[in-house]
Every structure is written in C-alpha cells, then in structure tokens.
Number of protein chains: 2
Amino acid sequence: MSVRYGLLALLDEAPSHGYNLKTAFERRTGGSWAINIGQVYTTIQRLERDGLVESLGSSAGDDERREYRITPAGRAQLATWFENPVVAEAPARDELTIKVLLAVAAGDVDVTALLQRQRRASIEQLQAYTRRKAKADPKRDVAFLILLDALIFRTEAEIRWLDACDARIRSLASAAAAPPTAGSKETDG
Amino acid sequence: MSVRYGLLALLDEAPSHGYNLKTAFERRTGGSWAINIGQVYTTIQRLERDGLVESLGSSAGDDERREYRITPAGRAQLATWFENPVVAEAPARDELTIKVLLAVAAGDVDVTALLQRQRRASIEQLQAYTRRKAKADPKRDVAFLILLDALIFRTEAEIRWLDACDARIRSLASAAAAPPTAGSKETDG
DNA sequence: ACAGCCATGTAACTTGTTACATGATTTT
DNA sequence: AAAATCATGTAACAAGTTACATGGCTGT
C-alpha cells in the first residue's frame, strides 16, 4: 500500500498531476525508489475509483496535465493510516525466512553454504549502505538518511539472524551426532 | 515468490496434491503461515502453466486427489533459487519506512507521536514473540524457532530505527530553533 | 530535423489472496 | 443424520509493475 498512500499523502499537500507526483514521490524517498510513470497513473485511477481523490476537470481548462485533488474520504483514510501503527502481522511472509525454513527441511540443500552465501551478500549490502551514508549531508538528505538507517538496521538484523540460524543448525547436527542423554524420542515424519 | 517456491520445494521432495501441500507448507513455517487452500490450487496451476510441475493423471487412477510432480525445469529453478542470495534490492518498498518518510515531509503530521505509537506496538510484538519463544521446544520446534528469531531480530531493528528517526528529527528541530552558526543557506522547496 | 524532456494513458501481466461452489469420506 | 475433515477447483479482486502508444513543447 506504499505507492497508494504515498500518492495520497502528496495529494494531501496540494493538488497535482501524474508526472509531478512521480518526481515528488521519488524525491521523498531519498531518490532511491524509482517508480514507473505508468504505475502512477494506474494508482491514481484506483484512488479515484475508491473515491479518495477526484479530478479537477473544468476549472483548470488545460487539456494536458489533469490535476487531482484529495477528497475528504481520502484525507480520512490517510489520517487513519498515519494514526495506526504498521503491524508486522504477516509473520513469515518474507522470502529469505521461508527460503531458509525450506532449505532446513529439504535435506538435500546445503544450508550452511546457503547461509554463508546470504551472509556475504548481506555484508556487502551493509557496506554499500554505510558508504552511501558517509557521503550524505545530514542537513540536506534527511529523507535519504532515514531510509539508509532503515536499510542498515534491517540488514544488521538479517546478519544476526543468519548467524543464529547457523548456530541452531550446528547444535542440531551435534545433537544428532551425539547419543541421546535421556528419554528423547524421535517422532518426526 | 514465497508460496510459489514453497510449493515447488515441497514437490521436490515427493509428488503431492493440493490439500496435502497446504498442510505441509503450514507445518514447515512452524504453523504460523496459514495459507488459503484456494491459493494452493491457483499457485499449482501457475507452476504447471510455467512448466515447473506436471500432473500425474493416468497412472494414479483416482479421480480425486490429483498429484503433481516437479519437472526438471522446476528442479533447476528451485536450485537457482536456493543458490542465489535474496537481494534486498527493493530499498524502501516497505510500508513503515515510506510512512515515516512521508510523515516527516508532510508537516501537519505529528511525527514524534507516530514514532511513539509505532514503538509501543513494536515492543508489544517483541514481547509476544519472546513469550512464544520461551514456550517452544528447542528440539521439536526448530522451524518455529528459526521463524521467531527472524521476527525478533527484525522487530528489534525496527525499534532501533524508530529511535534513530526520533533522534534525527529532534536534532533537526533543535537546529532549526537555534540560530545558524556559519554560512548555512536554506535552499529547500 | 531531431533529441530529449514533459505529459498522459492503456493493456497486459505477476503474485498474493479470498469467497464461493461442490462433493467424498470419516467420525460422532 | 449431522458435523467435521479431506479434497478440488473457479471467479474475482488487490497491488505492483512493465511495455507500449501517443503527443506537445523546447533547445540545438
């Protein structure tokens, strides 16, 4: 819902038209979320369909550049969006998580190697983000820095998690190699 | 692509049918990713359309329970998926990030309050995960624990990021309140 | 004349997702 | 007999995304 609310938030500030929304949206995301212009128009259409924005047809006069304005319903929905926290309810809807989970269960996949490859890739990402952060101007590029912070924290968490996975798998392997100490029945299918 | 590859990975182990894939998929994700049965069938259809799985029609004989088998192409694609790390290329495609970014730029949104609300929600989430983790059996519920780890690390990162955002915004506010020390021109539109 | 930006829009497609219709088998 | 579980499938939609067609206006 990011693009949808993104455009809605921009239209909440001032009426605007497609092309302008595209550039404004990209500026807001620190220039790092390129958006296809076609998507802007389809998203506006959907917002209009849902009564959240409306076209300013007659008063402007221009045939090109049709401007859109947020409606009261749109403003209300935007306010609700800002007021309610984003719940990470969708637990494992994440590709990396499910991949590791499946790899662990698969048997014929080298999970340790997978984790190591991912770790290397994540570290590289992290370094790239850090380099970009060092170049940014703390006064001018606030949006970009906020975004980089998000990416950095998330990637760090990912690396920690990969290590935790590795540890879990190693401990599983050693537990399987060592003879069971007490009454530990294997009941897995 | 999680569901898609999830089903493909399950079919890589053994041929199976829709209903069974559903339960297996849910078991794999530690029982926390409920999947609508309809989605399983649509996803299988799409996999078949793409030549990654094929139906075992005649040999089984049964009219119900049509089994599917992975094809060589499917196996190849699955292997590629496992081999290549998940790149977090899509930078800000995240709802919370874009929300904060938009709120900061909006002007009429109380960003500090937004951050605090989100922080409270995230802390609650974190506690819920931790409680569930404490209850889990480290031997039996490995998948579930791996998943919980992911959620916990991610939520911790989110909280750290929220705090970093708060700090950035406060420092911006204080910089705006204090008179500029040197030649710092304001050129924002 | 031609390159390039400003500007709009449609068709088509992807994955994810739900609601609904349908029926067999098994358990209570 | 009724309820629950096993089982399949379709229609329809959401949101994101890209490729393509179209044209005006500006600078070289």
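Numbered from 1 within each chain, the chains take letters A, B, ... in sequence-line order. Predicted model, so just to flag it, every value in this text is computed and none were measured. Only heavy atoms go into these numbers, but all of them, side chains included; no hydrogens, no water, no symmetry mates.
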*Whole-Å distance between C:dG16 P and A:D94 CG?*
12 Å
*Send over the distance from A:N20 CG to C:dG9 P, rounded to a whole Å.*
14 Å
*Taking the side chain from A:T71 and the backbone from A:E54, do they hold a donor-acceptor pair closer than 3.5 Å?*
no
*Hey, does A:G18 reach any base, or is it just sugar-phosphate, or nothing, if we go heavy atoms under 4.0 Å?*
sugar-phosphate
*In Å and rounded to the nearest 0.5 Å, what is the CD1 to CD distance from B:I159 to B:Q118?*
9.5 Å
*Counting heavy atoms from C-beta on, name the nucleotide in D:dT8, D:dG9, D:dA19 closest to the side chain of A:N36.*
D:dA19
_Could you work out, with ring-ring contact (aromatic ring centres under 6.0 Å, His included) as the rule, every residue matching A:Y5, not counting sequence neighbours?_
A:W81
*Looking at D:dG16, does its base get a donor-acceptor pair with the side chain of A:R46 below 3.5 Å?*
yes
_Salt bridge A:R28-A:E13, side-chain N to carboxylate O under 4.0 Å_ = yes
*Just jot down the ring-ring contact (aromatic ring centres under 6.0 Å, His included) partners of A:F25, sequence neighbours excluded, or say none.*
A:W33
_Contact residues, residues 75-85 of chain B to DNA chain D [heavy atom, < 4.0 Å]_ = none
*Could you point out which residue of B:Q127, B:R131, B:Q125 forms a side-chain hydrogen bond (donor to acceptor under 3.5 Å, both in side chains) with B:Y129?*
B:Q125
*Quick one: B:I35 CD1 to C:dT18 P, roughly how many Å, whole number?*
10 Å
